[in-house]
Amino acid sequence: MTTAQHRVEEQLIADVLASFARTPDPRLKELMEALVKHLHVFIRETRLTEAEWTRAIEFLTAVGHITDDKRQEFILLSDVLGASMQTIAVNNEAYENATEATVFGPFFVDESPFVGIGGDIAGGAAGTPCWVEGTVRDTLGDPIPGARIEVWEADEDGFYDVQYTDSRVAGRGHLFSGEDGAFGFWGVQPTAYPIPHDGPVGALLDAVDRSPVRAAHLHFMVSAQGFRTLVTHIFVEGDPQLEIGDSVFGVKESLVKRFEEQPAGAPTPDGRALGDKPWTRSRFDIVLAPERQ
Ligand code: BEZ
Ligand code: FE
């Protein structure tokens, strides 16, 4: 590159940065300046062509067009680029022995059914019955009673209730930990499933030869007064997708749990009669970090 060309490119960055000089909000100023610096590094480093710039604009336009109040393709894009998990990493630095956080995903719904301890969040969702139990404790090991435990999951066909058109409520619910911090509930055995991939993000994954499939998981959001709200999942030990890779980079080793298969007729923890159905069981002991001061 000639010195003159180098100067043109550097001058443009300086001009754009200077345009933010009067931004009253210092955080907005910092973010805009950093964004411009990194964006220009990307353009200069790759020597982005005008055709590629146009293609990128078309892609982002398509991401916008498919987004509505039910489908958020921008979040999906952030997820597959690892930007969601990086934001989670930056904001949830490991705190002593507290349970690790992972991606929230688009399928949480406010006001899930209350199922109570021992209840069934399946609500008719298809799948092998699965008993999940554990405790909610602080980092010193003391039980946290009354913690709100929100749970949601896909059915055995890999779909959340909100992905069906019949307004069913299934595979989601909430309960509260008992006086001893303990909880237990029925759900269905988690299965690996693809993120929505019929839009521009799916086309991008195709173009880069990446699978849209997420490792099998069960979502949790756990909140209690005085503690940081924990958004996480548990993953299924032995799930082949753990080796292949999770499409949104959500897996953390500490969140991979054993789901023990139980033969039909094996006595259930609460005496529930499952007839000739096999079932599974897992344990998830949750540790909440104290609220940030
Ligand atoms: C999910 O786990 O539900 C999910 C997370 C990120 C993108 C799509 C789905
Ligand atoms: Fe999910």
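Basis for what follows: all heavy atoms, side chains included, without hydrogens, waters or symmetry-related copies. Read the numbers this way: they start at 1 and go in the same order the structure lists the ligands and their atoms.
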- Message: So, 4.0 Å and heavy atoms of Phe108: is ligand 1 close enough to count as a contact?
- Response: no
- Rounded to 10°, how many degrees is the angle OH/Tyr160-the Fe ion (ligand 2)-OH/Tyr193? 100°
- How wide is the angle at the Fe ion (ligand 2) between NE2 of His217 and NE2 of His219, to the nearest 10°? 90°
Donor-acceptor pair, [X] side chain versus [Y] backbone, under 3.5 Å?
X	Y	result
Gln241	Gly245	yes
Asp246	Ala215	yes
Thr23	Lys29	no

What protein heavy atom sits nearest [atom], and how far away is it?
atom	answer
atom 9 (C) of ligand 1	Pro106 CD, 3.3 Å
atom 7 (C) of ligand 1	Asp79 OD2, 3.1 Å
atom 3 (O) of ligand 1	Tyr193 OH, 2.7 Å

- Message: Considering both backbone and side-chain atoms of His233, is one of its nitrogen or oxygen atoms within less than 3.5 Å of a nitrogen or oxygen in ligand 1?
- Response: no
Counting each atom of ligand 1 from 1 as listed, which ones have a heavy atom of [X] under 4.0 Å away?
X	value
Leu76	7 (C), 8 (C)
His219	1 (C), 2 (O), 3 (O)
Phe107	3 (O), 9 (C)
Ile195	7 (C), 8 (C), 9 (C)
Gly105	4 (C), 5 (C), 6 (C)

- Answer with side chain, backbone, both or neither: which part of Phe104 has a heavy atom less than 4.0 angstrom from an atom of ligand 1? neither
- Query: Is Ile75 touching ligand 1 with its side chain, its backbone, both, or neither, if touching means heavy atoms under 4.0 Å apart?
  - Reply: neither
- Query: If you take all heavy atoms of Ala216 and Asp239, which pair is closest and at what distance?
  - Reply: N-OD2, 2.7 Å
- Query: Aromatic rings His233 and His217: how do their planes relate, parallel, tilted or perpendicular, breaks at 30° and 60°?
  - Reply: parallel
- Query: Got more than 12 heavy atoms from elsewhere within 6.0 Å of CD, Glu261?
  - Reply: no
- Message: Can you confirm whether more than 12 heavy atoms, excluding those of Asp166, are under 6.0 Å from its CG atom?
- Response: yes
- Item | Thr102 and Thr232 side chains, donor-acceptor separation under 3.5 Å | no
- Taking the six-membered ring for Trp and the full ring for Phe, Tyr or His, determine whether the centres of Phe104 and Trp152 are under 6.0 Å apart. yes
